[in-house]
Amino acid sequence: MNFVSDNQLYQFLKEPQIKLLDSGSQGQCYHDRSNNRVYKIFNGFFDVEDKIDYNSEDILKFSKVLNSTYIWASDVITVNNEVVGYVTPYIRGVNLCRINPLNIDMVKLIYDLENVYKDNVTISKNGIVAYDVMYNILYGKKGINIIDTDDYNFNYFGRSYEEILKINNRNINYAFKVFLVDNYFDEFVNRFNELREMYNDLDLESTIFILELQRKLSEYLESEIVCLKDALQLKNKKKIREKDLKIRRLL
């Protein structure tokens, strides 16, 4: 998408079918409801002091790596042929930090996570190292997606496939274990040495931990636990201090 001037892009972003989605450290995201696409405009377009030189090849470098989890840029946005942003598909989902973990169906979550681990194999074989995953995870009826992937890079440090896969899996393992437990079920997890070790082991897939957590909760309450709200009576008695939280929830 090329615009001939800053003003033309400003006017385009004010059109009625375009809605501001979110603002972050790198830019602002807009949803175009006419075609279900998202336009991310870098902060440098709005404030010259934040300006960074981008090139289309770098932004589109992952576009041919097909997968269903990681959302890559599909096009660049330029003003007078200068890159000021990029385009991605719109993903219908809620940011993980805005979801109440008590309402999550753990059986479905395990199924959806298996698809993520498969896609981690795909991107790792292509030498892609994920970065800043925790607060860029969307979860919805169709599963898990990861957005804001423009800071990812190819393997510049000569890591092996196994090393890259470990990094990419650790991002997922940490995010979903913390999402389910932090400030909710820490006390229960800490009652059991094996469960606590599984929770703290970044190399243990979160699906294995979730299965064991579900089993322990069900065994303790003598009834099948599918959603964590079914085990509400085992929720933490004491709140964790904000500075000690592992995830910043925006519920």
- Task: Mark yes when over 12 heavy atoms from residues, nucleotides or ligands other than E162 sit less than 6.0 Å from its CD; otherwise mark no.
- Result: yes

- Message: Between K166 and E163, does any NZ, NE, NH1 or NH2 come within less than 4.0 Å of an OD or OE carboxylate oxygen?
- Response: no

- Quick one: do I71 and F62 end up in the same hydrophobic cluster if we chain Ile, Leu, Val, Met, Phe, Trp and Tyr together by side-chain heavy atoms under 4.5 Å apart? no

- Check: Y39 ring centroid to F12 ring centroid under 6.0 Å: yes

- Query: Do any N or O atoms from the side chain of D182 and from the backbone of K246 form a donor-acceptor pair under 3.5 angstrom?
  - Reply: yes

- Message: Classify the ring geometry of Y70 against W72: parallel below 30°, tilted from 30° to 60°, perpendicular beyond 60°.
- Response: parallel

- Query: What is the distance from atom CG of N120 to atom CD1 of I128, rounded to the nearest 0.5 Å?
  - Reply: 10.5 Å

- Query: Does Q17 CD have over 12 foreign heavy atoms under 6.0 Å away?
  - Reply: yes

- Look only at the side chain of N173 and the backbone of F209, and say whether a donor-acceptor pair between them is shorter than 3.5 Å. no

- Message: Please determine whether ring pair (Phe, Tyr, Trp, His ring centres under 6.0 Å) holds for the pair Y10 and F45, giving the CA-CA distance in whole Å, both sets of side-chain angles, and the decisive distance to 0.1 Å.
- Response: CA-CA 10 Å; Y10 274 119; F45 172 73; 5.0 Å; yes

- Check the hydrophobic clustering (I, L, V, M, F, W, Y; side-chain heavy atoms under 4.5 Å; chains of links allowed) and say if I137 and I210 are grouped together. yes

- Task: Find out if a path of hydrophobic residues (ILVMFWY) with successive side-chain heavy-atom gaps under 4.5 Å connects Y111 to L138.
- Result: no

- Please check if the side chain of K118 supplies one atom and the backbone of N115 the other of a donor-acceptor pair under 3.5 Å. no

- Can F185 be reached from L245 by stepping across I, L, V, M, F, W or Y side chains whose heavy atoms are under 4.5 Å apart? no

- Examine distances only and state if a side-chain atom of R196 and a backbone atom of D186 form a donor-acceptor pair shorter than 3.5 Å. no

- Query: When the ring planes of Y220 and F192 are compared, do they come out parallel, tilted or perpendicular, using 30° and 60° as the limits?
  - Reply: perpendicular

- Message: With clusters defined by side-chain heavy atoms of hydrophobic residues (ILVMFWY) lying less than 4.5 Å apart, directly or transitively, does I123 cluster with Y131?
- Response: yes

